[in-house]
Amino acid sequence: MPSTVPAADDRLREEVRLLGGLLGEVIRDEGGQALYDRIEAVRVASVAYHRHPGAKGSAELERLLSELSLDEAVGLAHGFAVFSLLANVAEDRAGKRRAQAQAAEGARADTPEGALARLQAAGRSLEDARALLSDALISPVLTAHPSEVRRKSVIDRIAAVSDLLDACDRDDLACRPEVMTDGLRRQAVILWATRLVRTTGLVVQDEIDTVVSFLERVFLKVAPEQLIDWRRRLNAPDLKPFVRIGAWVGGDRDGNPNVDADALRAAFATPAKAVMRHYLEAVNALGAELSLSGSLARISPALKALSDASGDLSPHRADEPYRRALSQIYARLSATHLVLTGQPAPRPAPFAAPAYAGPFEFRAELTVLHESLVASHGAVFADDGLARLIATVDVFGFHMATLDLRQNADVHARVVADLLRVAGVCDDYAALDEEARLALLAAELRSPRPLFSSYADYASETLKERAILQAAAEALARFGPDAIRTHIVSKTDAASDLLEVYLLLKEVGLYRPEDPAACPIQAAPLFETIDDLRAAKPTLERLLKEPSALAVARARGVQEVMIGYSDSNKDGSYLTSTWELHEASRGLLSVTEALGLRLQLFHGRGGAVGRGGGSSFAGVLSQPTGTVAGRIRITEQGEVIANKYGEPDVARRNLDALTAGTLIASLTPPPDERMSDRHGQTAAALSRASMAAYRALVYETPGFVDYFRAATPINEIAELKIGSRPTSRTASTAIEDLRAIPWVLSWSQSRVMLPGWFGFGSACEGADIEELRAMATDWPFFRTLVQNMEMIMAKADMTIARRYATLVPDQALAARVFGALQAEWDRTHAAVLAITGQAALLGGQPELDRLIRLRMPYVEPLNHVQIELIRRRRAGDDDPRVREGILLSINGVAAGLRNSG
C-alpha cells in the first residue's frame, strides 16, 4: 500500500513506507491484484475528496464506493484497518526516539531527570522528593471499560512487529533484509489473515485475562525497575513502593450483571497464578545461579539458620546454603500457590513445606539471602536479580493489583432496604428522608447485631451483593489488606449512600462497631454528573460528620473521592465538565483540610478528550493546588491501556511521567489559587455559556436523538464484542441513559468529536480575548484545556461528518442539526486560533500535527467505506459481510485515531 507521508521524521517515514510496502505485497498475494487496485483507487479518491469536497470530488468517490462488491468493501476495510495498526507501530517508535533524545538533553520535565531538575530550580531538595514519595500513592487503575476494539491476538501481533524493529535497532544482524523483512512480512501475513473483530461477546473472565496479560508481560518487569531506579536517584534504598497498580475488572459490578462472587474470586485467583508463577520461576533461576559453597564463601548467621531449617536433604546441595535456602523458599511458594489459587504449582516442589502467611514472610526470607550476599561479597550483589525480585514482591505482593469494588448507590439502597425490612427494623427505608436514613444507619452501625438471617427470604439482588462482599472478605483474609482498599459508590448524591456501604461491610464482618477504624475498605463517593459535582462539597462534609466514616478516614489519614469526567461531559460539555471538576476538587480539599485529613482524588478518565483524555502529565499539573499532594489515582481504560502500557519502554515512560507530574504538582505547585481568584469568574461565565449552548443542542433540539442515531454508527457500535457491559444503562434510546463510552466513540467515528469541543465557541463570543490569552499562557488548568481541545479538533473532519449526515432519513433535520454543528465548529475554531495566536490548529505543536496528518489519509477511506456499508445495511442488506465490513471500519478508524473512546 503506497504511502502519502508528509515530510517529517525521516526514520518514521521510512518505517511507514517499509510496513506499508510489505502490507501491499501481502494484499496482492493474498487478496489479489484487483483488490489492491481498488484499495488504491479509493485512497486516491478519498484524498481528492478531502482537498475538493465539491461536486466533482464527491461524485468520483461516490461512484467508486457504490461499485464496490461486498468482498471488495470488506477487503478494503480490512486493509486500511491493518495499515492503521502498522502505522501506529512506526509512530510509537518515533515517539520513543524523540522522548529518549529529549530526555538525554534534559528537555523533558516528564522524565525523572527533568522533574528533579525542575524541583532543584524551584529550591526543592532530594530530601523533599524522598519525603513526598515515601508516603505517596500513584496508581494507574486498569479497567474493562469497552473502548478497546482490538483483539488480544491483534495486540500481540503488533507487539511482535515492534519487537522485530526494536531488534534491528539493537543488532545489525537483525537488520539484514533476509532477517528483518522476512520476519516483518511473516507478521504482516498473520495479521492480514487474523480476524480483527470478535465474533463472540466477552465475558468477565476474558477481561480479567486481558488485564492480567498486561500485568504479567509488562508491569511485572517495569514497575520494580522503576522503583529501583528512583531509589537509586534519591539515594533511598528503603523507599517504599509509591506506584501501585490497581484494577476494576471483576470488582466493578455497576451496570454489569455478569460480575458476581465467582467473578470476584477469579479476579484474585488469575493474577495470583501469574505472579506466583513469576516468583517460582525467579526463585528457580536463582537456585540455578547461586551455587556458592559454604566452605568457600562467608554466609550470615541468619542465612545459615534458614539453610539449616530447609527440608532439602539432597547430598548434592549439602554444602550450598543459598541453594538449600532457595529450595525451602520454593517449597513454601509451591504450598502458597495451592492455597491462593486452589491449584498445584506448575512445577511441584520436591518436598513439603508450610505456605507463607503473606508476602512479608516471603520477602523476609529473600532479604536474608540478599543481605548475606551483600555483606560477604559487596555491592556487585546490591542490584542483582535477587534485589529485583524483592522489589517485585514490594510492589505486587501475592495479589498483584489492588482491586476496587464499585456499585451503584441505587443497588445499595435496595439491598439495605431489604435487609432492614426482613429484620423488622424499617418497613420502608426508601421513603425516609436523608437525615432519617443517616440516623437509622448510624444506629445500626453502632449495634453488634447483624441484620442478615440465613433462615429468611431475601431478594436475589440482596443475596448476590452479600455473596460478593463475603468473597471480598475472603480475599482480604487470603491476600492481605492491599488486596482491596476501596469501595466506590457511583451515582453518589447523599452521605447515606456511603454509610450504606459500611452497613453492608458490617454484615460480612469487615466493619466492626467496636472498632470502626479497623475497617479495611473505605467507602468512596463517585461524583459524576454536573449536579453531583456541584453538590460534592456538602455531601462530603455531611459524610465526615458521621463517626463511622470519619473513623475510617482518620485511621488512613486520607479520604478518597472519585470524580467522573465522562458523564459530566455528556451532561454539560467539555468546558463545563472540566471547570466543574476543577471547582469540585477545590471544594473537596477544603473539607478534608478542615478535618486534618488528606484528600485522595481518583480521576475517572477515559482515552478521548471528551472523557478526560490527553496527556496524563499535563493533566496532573493542571490540577488545583493542593489536590495532588503526593497521592493520585487515574483510570486507564480500553485502548489507552495498550497505547500507554503495551510495551515495557512505553509503559516505563508513562509511569515516570505520572511520577514526575506528581512530584512537580506537589512540591512546586502552579499558581492555581492566584489564577482562580483572578480568572475564576471568567471561567465560570464561560462554563455557563458553554453548558447552555451544549444542552440547547443535545437535550433541547427536537429530533437531535434521531439525528445522532442516524448520523453516527451508534447502533453498529452496540454490535461490537468489546465488553461485557451493555452500551446503555436501560432499554431507552435517551441520551441520558446511554453510557459515555459509546456516546464518545460514536462521535469519534463520524469525525465530529462533539464531546471534545462543542460549546466552547459560543462561550467565547463576547469574551475578553486578551484575558483568555493570558489564561492560556499563565494558568495550567486553562492551557491544558485548550491544548486538549486543539488536539481533538485536529482529528475531527467536518467534511467527512457532512457525509455521515447524509445517512439521516430526514434531510431537513440533518441540515438543521449539521448546520448547528458546523456553526459551532466555526466559532470554536476561530476562538482557539484567537486564543493561541496561531494560524492553524496545533501550530504550536508541530510534532503532533505531523503525526496526525500522517495517519489521516488512511483513516478517511475507512470513514467513507463505513458510510457506504451503513447505508447498505440500513437499506435492508442483511448479508453478514456488510456487518463485518462495518465493524472492521470501526476497528480501523479507532486504531487510526488512537484516543477515540
Side-chain angles (χ1 to χ4, degrees), residues 565 569 572-582 608-615 618-619 621-622 675 679 682-694 696-698 744 747-748 750-802 818-853 856 897-900:
Y565 290 67
N569 179 292
S573 85
Y574 173 58
L575 171 58
T576 302
S577 168
T578 307
W579 175 245
E580 294 294 346
L581 286 159
H582 182 272
V609 166
R611 299 185 54 240
S615 163
L621 294 188
S622 69
M675 291 293 106
H679 301 297
T682 298
L686 293 173
S687 172
R688 289 191 295 272
S690 177
M691 184 169 179
Y694 175 87
L697 175 75
V698 174
V744 173
W747 288 114
S748 299
S750 63
R751 302 298 294 283
V752 179
M753 309 289 187
L754 176 146
W757 58 267
F758 195 92
F760 187 81
S762 291
C764 292
E765 283 195 323
D768 182 346
I769 194 64
E770 293 303 324
E771 182 183 9
L772 298 185
R773 287 174 178 166
M775 291 164 64
T777 301
D778 301 329
W779 195 3
F781 158 76
F782 196 71
R783 181 171 62 248
T784 300
L785 182 151
V786 172
Q787 287 177 343
N788 284 340
M789 196 159 47
E790 259 196 291
M791 181 266 289
I792 205 65
M793 292 181 76
K795 294 183 178 182
D797 191 316
M798 296 304 287
T799 301
I800 292 176
R802 188 185 301 275
F818 185 80
L821 289 170
Q822 183 69 63
E824 183 64 16
W825 167 269
D826 293 339
R827 285 189 289 267
T828 302
H829 184 264
V832 169
L833 295 186
I835 291 169
T836 61
Q838 299 164 178
L841 294 174
L842 299 179
Q845 303 177 69
E847 289 180 357
L848 179 58
D849 183 50
R850 285 197 298 267
L851 290 175
I852 291 175
R853 289 177 183 273
M856 287 306 109
L897 296 177
R898 310 214 75 178
N899 55 353
S900 61

(message) Which residues pass the salt bridge (Lys or Arg N to Asp or Glu O under 4.0 Å) test with Arg827, not counting sequence neighbours?
(response) Glu824
For the atom pair [atom1] ([X]) and [atom2] ([Y]), what is the distance rounded to the nearest 0.5 Å?
X: Ser622; Y: Phe782; atom1: OG; atom2: CZ; result: 12.5 Å
X: Phe781; Y: His679; atom1: CZ; atom2: NE2; result: 12.0 Å
X: Leu581; Y: Tyr565; atom1: CG; atom2: OH; result: 5.5 Å
X: His829; Y: Met798; atom1: NE2; atom2: CE; result: 11.5 Å
X: Leu686; Y: Leu772; atom1: CG; atom2: CG; result: 6.0 Å
X: Gln787; Y: Glu790; atom1: CD; atom2: CD; result: 7.0 Å

Minimum side-chain heavy-atom gap [X]-[Y] below 4.5 Å:
X: Leu897; Y: Met753; answer: yes
X: Leu754; Y: Leu697; answer: yes
X: Val752; Y: Trp825; answer: no
X: Leu575; Y: Tyr694; answer: no
X: Tyr574; Y: Asn788; answer: yes

(request) Carefully, step by step, assess Asp768 and Thr682 under the rule side-chain contact (heavy atoms from CB on, under 4.5 Å). (result) CA-CA 9 Å; Asp768 182 346; Thr682 298; over 6 Å; no
Closest non-hydrogen atom pair, [X] against [Y]:
X: Ile769; Y: Ala834; value: CD1-CB, 3.6 Å
X: Ala767; Y: Ala763; value: CB-O, 4.5 Å
X: Ala693; Y: Gly759; value: CB-CA, 4.3 Å

(request) Go through the steps to decide whether Leu621 and Thr784 satisfy the test side-chain contact (heavy atoms from CB on, under 4.5 Å), and finish with yes or no. (result) CA-CA 9 Å; Leu621 294 188; Thr784 300; over 6 Å; no
(request) Say whether, by atom type as modelled, one donor and one acceptor occur between the side chain of Ser687 and the main chain of Trp579 under 3.5 angstrom. (result) no
(request) Indicate yes or no for a side-chain donor-acceptor contact from Asn569 to the backbone of Ser577 under 3.5 Å, with no hydrogens or angles considered. (result) no
(request) Kindly write out the residues that satisfy ring-ring contact (aromatic ring centres under 6.0 Å, His included) with Trp747, not counting sequence neighbours, or none if the list is empty. (result) Phe708, Trp743
(message) If you apply the rule side-chain contact (heavy atoms from CB on, under 4.5 Å), what do you find for Gln845 with Gln838, and how did you get there?
(response) CA-CA 10 Å; Gln845 303 177 69; Gln838 299 164 178; over 6 Å; no
(request) Using side chain to side chain donor-acceptor pair (under 3.5 Å) as the criterion, list what pairs up with Asp826, not counting sequence neighbours. (result) Gln822
(message) What verdict does the side-chain contact (heavy atoms from CB on, under 4.5 Å) test give for Ile835 and Phe760, after you've listed the backbone C-alpha separation in whole Å, the side-chain angles of each residue and the deciding distance to 0.1 Å?
(response) CA-CA 12 Å; Ile835 291 169; Phe760 187 81; 3.7 Å; yes
